[in-house]
Amino acid sequence: MTETNDTVECNDSKINDSSANDEDIVNPWDVRSSSAAGVDYDKLIKRFGSSKLDADLLERFQKVTGKPVHHLLKRGIFFSHRDLNVILDRHEKRQPFFLYTGRGPSSESMHLGHLIPFILTKWLQETFDVPLIIQLTDDEKFLWKDLSIEEANRLAYENAKDIIACGFDESKTFIFSDIDYIGQSSDFYKVICRIQKSVTFNQARGIFGFSDTDCIGKISFPAIQAATSFSASFPFIFNKRSDIPCLIPCAIDQDPYFRMTRDVAPRLNYQKPALIHSTFIPSLQGAQTKMSGSDPNSSIYLTDTAKQIKTKINKYAFSGGGDSVEEHKLKGGNCEIDVSYQYLKYFLEDDKRLSEIYRTYTSGELLTGHLKKELIDLVQVIVENHQKKRKEVSDDVVKRFMTPRKLNFSF
């Protein structure tokens, strides 16, 4: 597989410029589409210069790991990549790599969509038996949101509880807050400084669309997110090795950070990060926007009660069904725009049941109300189980995960 030209993308691409041909808006701070079907991901692959996560690569993934591929991969929820083949090569040769993902803590509770990268990351950690680093970008949320720095930091620790409740292996996982860790680690700050010196303001403006009115904190932040990609930032984990690459599962809107990172890496004698990109779980109201933590009617929160989940899905979940029962039975439903079906693609693991739902809904046999009930029953169980696990995550457990320490792995 050919490697994408990251340098050209970094220097010449302005990610939030969607004026040409009414392109979808996809960047780290805004995701919007004019289409009822949502973002055109094939076009986005071409625009960002990534590679499609195709059937051949998934077949190789299964062969290399000896395990069936996760349903989030098989169904195209994770649809794009950069250098995943390189990571599979390393695994075959028993060469080390690590996982890196993160969360920007902007709300007290995470929502259902925030679980997606963590669900896959947990499976990858178990499948490859490698260390994992989770970055909480509380500094980013302070810079971009109407939050005090103290509140952003507090939310990081609250979100850490939700992340830990996903079931990560404590002995193989390090979670950190940017605000706290930068003050603790001179090695991390040294890597940040090296990155900052390697990227000009013109490059940063071209990649991220910064304007003259943006504060200097925003302009310097991308180097902080980039630094976690490099093993040199964590000498206590990697025995001061700076040559161990990472694999980053993330939503495609985060890719601009890592296009910059991949451009910088060779100049600093670091390994380029590899990535696998996910689609966006749509808002309850439809696929034009993604689920948002700031809009309670667009999201199902991990703190919602069973009654709230039922009400939200019944009231707000956009339907691809007919305007009447008669019309629906005659013409069938459209699963491509139906939010309840799209959510089932993310969370219903049973392939046969999902296929049966698709068949009966598109034929008109399954009514919208019954489809919504299927989703309600599933989501209620997922959220209830998550809430039980989160209650078991004490402040002491969070402290253990967030303490810099040697992790348990074989290399």
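Between Glu374 and Arg353 there is a salt bridge, since at least one side-chain N of the basic residue sits less than 4.0 Å from a carboxylate O of the acidic one. Between Arg205 and Asp214 there is no salt bridge, since no side-chain nitrogen of the basic residue lies less than 4.0 Å from a carboxylate oxygen of the acidic one. Lys399 has no carboxylate O lying under 4.0 Å from a charged side-chain N of Asp395, or vice versa, which leaves the two without a salt bridge. Looking at Lys312 and Asp304, a side-chain N of the basic residue comes within less than 4.0 Å of a carboxylate O on the acidic one, giving a salt bridge. Taking the charged nitrogens against the carboxylate oxygens, Arg60 and Asp89 do have a contact shorter than 4.0 Å, which makes a salt bridge.
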Would you sort out whether Leu72 and Trp123 count as a side-chain contact (heavy atoms from CB on, under 4.5 Å), showing the intermediate values? CA-CA 10 Å; Leu72 291 175; Trp123 181 81; over 6 Å; no

Applying side-chain contact (heavy atoms from CB on, under 4.5 Å), run through Ile337 and Gln342 and close with a yes or a no. CA-CA 8 Å; Ile337 63 171; Gln342 292 302 315; over 6 Å; no

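Looking only at atom types and distance, the side chain of Ser80 has a donor-acceptor partner in the side chain of His277 under 3.5 Å away. Checking Ser33 against Ser35 by side-chain atom types alone, no donor-acceptor pair falls below 3.5 Å. Using modelled atom types, one finds a donor on one side chain and an acceptor on the other under 3.5 Å when comparing Ser319 with Thr368. Checked by atom type, the side-chain pair Tyr346/Thr279 shows a donor-acceptor distance below 3.5 Å.
Put simply, CG on Leu302 and CD on Glu384 are 13.5 Å apart, with the number rounded to the nearest 0.5 Å. The CD atom of Gln125 sits 12.5 Å away from atom CG of Leu247, with the distance rounded to the nearest 0.5 Å.
Smallest separation of non-hydrogen atoms from Leu132 and Leu407: O-CD1, 4.2 Å. Closest heavy-atom contact between Lys122 and Gly167: CE-O, 3.3 Å. When every heavy atom of Asp138 is checked against every heavy atom of Ser177, the shortest pair comes out as OD2-OG, 2.6 Å. Across every non-hydrogen atom of Leu344 and Arg75, the tightest pair is O-NH1, 3.7 Å. What you find for Pro131 and Phe238 is that their closest heavy atoms are CG-CE2, 4.0 Å. Val39 and Asp24 make their closest contact through CA-OD2, 3.3 Å (heavy atoms, listed as atom of the first residue, atom of the second, distance).
In this structure, the side chains of Val393 and Val398 come closer than 4.5 Å at one or more pairs of heavy atoms. The shortest side-chain heavy-atom distance between His71 and Asp350 does not fall under the 4.5 Å cut-off. By the 4.5 Å heavy-atom criterion applied to side chains, Phe230 and Ile192 are not counted as neighbours. Using a 4.5 Å cut-off on side-chain heavy atoms (C-beta onward), Phe188 and Thr228 make contact. Counting heavy atoms from C-beta on, the side chains of Glu327 and Leu330 never come closer than 4.5 Å. By the 4.5 Å heavy-atom criterion applied to side chains, Phe258 and Tyr100 are counted as neighbours. No side-chain heavy atom of Pro282 sits less than 4.5 Å from a side-chain heavy atom of Phe280.
Among pairs with a residue in residues 100-113, those fulfilling salt bridge (charged side-chain N to carboxylate O under 4.0 Å, His left out) read Glu108-Arg154, at least two apart in sequence or across chains.
Classification of the Phe97-His91 ring pair by plane angle, with boundaries at 30° and 60°, yields perpendicular. A tilted orientation is assigned to the rings of Trp144 and Phe210, their planes being inclined by 30° to 60°. Relative ring orientation between Phe176 and Phe174 is described as parallel, the plane-to-plane angle staying below 30° on a 0-90° scale split at 30° and 60°.
Among Asp178, Ile195, Thr137, the one residue that satisfies the side chain to side chain contact (heavy atoms under 4.5 Å, CB included) test with Ile224 is Asp178.
For the pair Arg405 and Phe236, the cation does not sit on the ring face, since its NZ or CZ is not both under 6.0 Å from the ring centre and inside 45° of the axis.
Aromatic ring centres of Tyr361 and Tyr341 lie farther apart than the 6.0 Å criterion allows. Not less than 6.0 angstrom separates the ring centroid of Phe61 from the ring centroid of His70. The ring of Phe234 has its center closer than 6.0 angstrom to the ring center of Tyr181. Aromatic ring centres of Tyr257 and Phe208: separated by under 6.0 Å.
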